[in-house]
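Every chain is numbered from 1 and lettered A, B, ... according to where its sequence line falls, protein lines coming before strand lines. Quick caveat: nothing in here was measured; it's all calculated off a predicted structure.
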Amino acid sequence: MEGRPLEQEDDAELAERARRGEVAAYEELVRRYRQLAVRTAYVITGQSADAQDAAQEAFVKAYYAIGRFRAGAPFRPWLLRIVANEAINRRRSSRRKAALALRVAESRPSGDAAPSPEAAALAHELRGEVVTAMNRLREEDRLVIAYRYFFDLSESEMADALGCARGTVKSRLSRALKRLQREMPAPPPGEVRP
Amino acid sequence: MARELELRLLEGALRAAGSELDYPPDAGVWEAVAVRIAEAPTGRARFRLPALRLPVLRPPAVLRPAWHAAVAAVVAVALLLSGLLAASPAVRETVERWLGLRGVKVVQTPRPPSLPPTQTLGGALDLGRRVGLGEAGRHLGATLLFPAGLGAPDELYVRDLSVGGSEVFLVYRERPGIPRAGTTGVALLVSEFTGSMYRPGFEKYSFGAKIERVTVNGGRGLWIEGGHGLAYLDANGEVVQDQFRLAGNVLLWEQGPLTLRIESALSKAGALALAKTFG
């Protein structure tokens with residue numbers, strides 16, 4: 001094992017080394033998951049600095065808690081659970097509830113054949129409405145939707161990250177989507193969405 | 001059917017929105033975490049530090065002048081890396097925190113390999129591009145300084161710096177007054193670049209060396225004896241390695257807008273005397 005670059009170690013090996021006191025192994029885990037941690041926190045807090053603080057705090061807490069981390073368990077959802085808790089606490093204690101925002105840059109090619117300008121404009125509008133509706137949801141609903149559709153977690157990862165059974169994940173997601181749909185504006189009669 | 005279509009549209013819109021959210025940047029997360037971990041390493045018994053005995057150190061006072069902190073940093077890192085590189089990562093993290101090297105990945109510079117003979121004096125020394133006198137001065141962006149009494153340098157080189165700007169090298173072969181330094185035929189290597197060696201984020205660490213603060217031509221400097229490399233922390237927080245190319249000593253100082261460095265086998269007195277002649 002000596003001399004193998006850290007980038008090639010899997011999460012389980014890195015977590016085990018971190019448990020044994022190797023800070024460098026933990027650093028590699030942080031580098032792997034910092035983006036996901038900050039983004040998950042952002043989905044909950046809606047605010048950039050809070051999200052970064054929550055992610056940092058979560059990584060610090062995870063470091064000290066890594067002795068409790070079960071060897072061989074998946075690291076990512078275990079970490080996300082800590083991140084989500086930090087972010088939720090932060091949002092709850094903040095007086096102003098910040099809102100998610102879309103990046104300003106427009107006219108991004110989706111990778112598929114270029115849609116017509118009208119279709120592209122409608123698609124953009126729909127994304128805006130989706131984000132507006134997300135902003136009206138409770139943190140728990142935003143989180144489960146983000147885990148599934150923003151970050152592509154598997155069902156079993158979602159169960160670990162949310163601390164619930166797999167069957168519960170399905171029903172929580174389904175309820176969250178229904179609440180999201182209720183927050184969406186109804187399309188005007190006759191309009192066809194792309 | 002309509003409901004299912006609506007759901008699919010919603011899912012598609014969600015995925016697209018997820019990739020277009022204005023997410024915050026995450027670049028500095030490890031650095032912030034490393035500081036916190038180093039500050040309280042005894043969060044768990046497993047990470048408790050062994051007792052650490054480094055003669056020079058105590059945790060820096062809150063607001064020291066940057067100069068003192070920088071010199072202390074150089075001395076301490078030299079001690080650390082000359083003898084204690086095998087110390088555990090937790091030990092190193094704490095020392096790094098003491099030194100204000102927050103989040104810096106301190107790397108050990110390997111000894112320079114023995115160099116094969118080449119056509120040019122400086123060709124194998126990784127000095128960048130060979131240039132003429134006029135071009136060197138232009139790249140430097142300031143007046144190039146020369147030591148007196150040695151004649152013209154035998155070769156000049158220019159190298160781009162990761163922090164921006166260029167470093168100019170003057171290469172002198174052995175000649176009276178300058179002892180040989182190593183096997184390359186180069187007796188004196190002068191480097192010059194625009195900028196302070198202690199501007200924020202640009203700090204030098206020397207490996208395995210004796211380091212002393214000196215004053216040269218009214219400017220602050222360092223005398224580094226027996227070292228074999230330097231590492232810089234550049235503006236991006238990346239560690240940039242710069243080997244000592246000759247088997248010699250280094251005198252480094254600030255003069256006007258420049259930072260100068262001379263590598264040679266000169267003694268401290270000899271190097272200081274030579275540095276006084278730069279103009």
Legend entry - Step-by-step side chain to side chain contact (heavy atoms under 4.5 Å, CB included) determination, Val29(B) to Phe59(A): CA-CA 9 Å; Val29(B) 169; Phe59(A) 277 118; 3.6 Å; yes
Legend entry - Residue Arg70(A) excluded, over 12 heavy atoms near CZ under 6.0 Å: no
Legend entry - Close side-chain approach of Leu10(B) and Met184(A), heavy atoms under 4.5 Å: yes
Legend entry - Inter-residue atom distance Trp30(B).CH2 - Glu28(A).CD, 0.5 Å rounding: 10.5 Å
Inset, instruction - Using a 4.5 Å cut-off on heavy atoms from C-beta on, say whether the side chain of Ile37(B) contacts that of Tyr26(A). - result: yes
Inset, instruction - Would you name the heavy atoms of Ala16(B) and Arg127(A) that are closest together and state the gap between them? - result: CB-CD, 3.2 Å
Inset, instruction - Fit a plane to each ring of Tyr23(B) and Phe151(A), take the angle between them on a 0 to 90° scale, and name the class: parallel (under 30°), tilted (30 to 60°) or perpendicular (over 60°). - result: tilted
Inset, instruction - Considering only heavy atoms and a distance below 4.5 Å, find which of Met134(A), Glu57(A), Gln47(A) pairs most often with chain B. - result: Glu57(A)
Legend entry - Test item: Leu102(A) and Asp22(B) side chains (from C-beta on) under 4.5 Å apart, heavy atoms: no
Inset, instruction - Just give me the residue among Arg148(A), Arg39(A), Gln52(A) that pairs up with chain B most often, heavy atom to heavy atom, under 4.5 Å. - result: Arg39(A)
Inset, instruction - Assess whether side chain to side chain contact (heavy atoms under 4.5 Å, CB included) is satisfied between Leu7(B) and Leu177(A), documenting all intermediate values. - result: CA-CA 9 Å; Leu7(B) 179 62; Leu177(A) 282 171; 4.1 Å; yes
Inset, instruction - Spell out, as yes or no, whether a donor-acceptor pair under 3.5 Å connects the side chain of Arg34(A) to the backbone of Ala27(B). - result: yes
Inset, instruction - Please tell me if the side chains of Leu180(A) and Leu14(B) come closer than 4.5 Å, counting only heavy atoms from C-beta onward. - result: yes
Inset, instruction - Might you confirm whether atom NZ of Lys97(A) has over 12 heavy atoms from other residues, nucleotides or ligands at distances under 6.0 Å? - result: yes
Legend entry - Nearest-0.5 Å distance, CG of residue Leu21(B) to CZ of residue Phe150(A): 5.0 Å
Legend entry - Taking every non-hydrogen atom, the tightest pair across Ala17(B) and Val131(A): CB-CG2, 3.9 Å
